[in-house]
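Before any comments, here is the structure.
Letters A, B, ... are given to chains in the order of the sequence lines, protein chains preceding strands, and every chain is numbered from 1.
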2 protein chains.
Amino acid sequence: MAEESSGNSNKVEVIFSPALFPVYFENTNCTVVVIDIFRATSAICAAFERGIKSLITVATLEEAHQYKQQGYIVGAERNSEIVEGFDFGNSPLTFKDGKYKDKTIVLTTTNGTKAIEMAKSASRVVVGAFTNFTALCDFVEKEDKDVLLLCAGWKDRFNLEDTLFAGAVAERISQNLRFTRLSDSSLAAINVYNTAKDNIYRFLSESSHRKRLSRLNMEEDIIYCLTFDKTNIVPVLKGNEFVTNNSK
Amino acid sequence: MAEESSGNSNKVEVIFSPALFPVYFENTNCTVVVIDIFRATSAICAAFERGIKSLITVATLEEAHQYKQQGYIVGAERNSEIVEGFDFGNSPLTFKDGKYKDKTIVLTTTNGTKAIEMAKSASRVVVGAFTNFTALCDFVEKEDKDVLLLCAGWKDRFNLEDTLFAGAVAERISQNLRFTRLSDSSLAAINVYNTAKDNIYRFLSESSHRKRLSRLNMEEDIIYCLTFDKTNIVPVLKGNEFVTNNSK
């Protein structure tokens, strides 16, 4: 849609895989929303909701090890499980007792932190999940820039849960006249979301990642990650760390 | 879904961009269906329906020029228009008078021939369009291999019309018990197709490529490309050329 002329409205693109980010990233002056519903971005929102001070994401286990050696609290997940020797993985339930309150923590995951790494050259990078849906949409609208909804997917493959969330955001913000330039990917994601929205949990019953997590007995995580608006915090990248939108 | 164990059933994947082909291409023993509804694969089906002997696709204008210098009939399209100095572009209407009957022709297009080039290492590469839908699905079912539905998209971006066709094929072949391992991308494409199928033309009214072609006064092409089952020919790659499935 880059060639479309549409007055002052911002474009809304859904990027279905981190491997496609370079195709869509034309201009650093945009808001990138990183989406990894199962479970990195849901976990990051949970961590801030339970009071962490800031969060550093890294793409590789090597970097995660280096932070660990420096004394940081470090989470690491690969293939849906905690990597041995680290403090936690990517379960949002990790944070429910608030034990990392006021700490800076470090995280690396299979898909989500890789997507964040790719997005870092954008002028604004935020984390989105069903759990911060309304706060995220409000934040994106206030930013008033082109929006790239970056689905972390699974090892560069398309996945349904990230697409559903991207569709929910695209639909919500497109009701604002500042965000009416919907790409084909946005139209498709909205379409899928509208079919699923009455029962997202059931809609995902055939999805690959929900099956993967169910095999690992992670039903409680799945239900948590599909709950709307548990927090009004939007994790925002400042320099090399995520902080909350309220700490500006 | 690679890790799913599902007996003897074949998997069905939709690949939303040629840039994602390497992510999904795990095994050469598969059927790749190349899809570029507006308009390369619709044009290729039309050319065979009107009696061409074979078709050579090339990715670059340089290669196309070389064939032209050797005396071939060569089509070349970039950004929806015929490239100067070539015999035609990617309009299926080019072929309606049958003037290239029994000839070998050469074609390069913005998206479709690039996707074909990527797919060439698969054991079976075929061309799909609404115009050969039923014949294509029958052919894919007989091949009885994993299926990759490769959407040519627009300059590596997702597009709706290729997705709709991929969804139509995925839905049709998944009714055959040999093709029940649907990936998340297949589930999403089927979902979008089911919403659109009662009026595909209207559904695409907001899509980027239909708008692009409408600006270029190509309504007749659009309507042609969205018509089911105008031919029972399936163009099949043999060596470096496409021939018809009936010429085996």
Proximal component of A:Thr163, with respect to chain B [non-hydrogen, under 4.5 Å]: neither
Chain B contact via A:Phe16 - side chain, backbone, both or neither, heavy atoms under 4.5 Å: side chain
Side chain to side chain donor-acceptor pair (under 3.5 Å) involving B:Asn111 - partner list, sequence neighbours excluded: none
Partner residues of B:Glu219 under the side chain to side chain donor-acceptor pair (under 3.5 Å) criterion, sequence neighbours left out: B:Tyr201, B:Ser214
Please table the atom pairs, donor to acceptor, closer than 3.5 Å between any side-chain atom in residues 27-35 of chain A and protein atoms at least two apart or in another chain.
residue: A:Asn27; atom: OD1; partner: A:Asn29; partner atom: N; Å: 2.9
residue: A:Asn29; atom: OD1; partner: A:Lys145; partner atom: NZ; Å: 3.2

Which heavy atom in B:Leu20 sits nearest to a heavy atom in A:Asp156, and how many Å separate them? CD2-O, 3.8 Å
Of the listed B:Ala188, B:Ser17, B:Pro22, the one with the largest count of heavy-atom pairs under 4.5 Å with chain A is B:Ala188
Side chains of B:Phe158 and A:Phe158: closer than 4.5 Å at any heavy-atom pair? no
Short question: side chain of B:Asp184, backbone of A:Ser207 - any donor-acceptor pair under 3.5 Å? no
Apply salt bridge (charged side-chain N to carboxylate O under 4.0 Å, His left out) to residues A:Arg157 and B:Glu26 and explain how you reach the verdict. CA-CA 13 Å; A:Arg157 292 176 184 224; B:Glu26 296 173 324; 2.9 Å; yes
Does anything in residues 189-196 of chain B reach chain A? List residues with heavy atoms under 4.5 Å apart, or say none. B:Asn191, B:Val192, B:Thr195
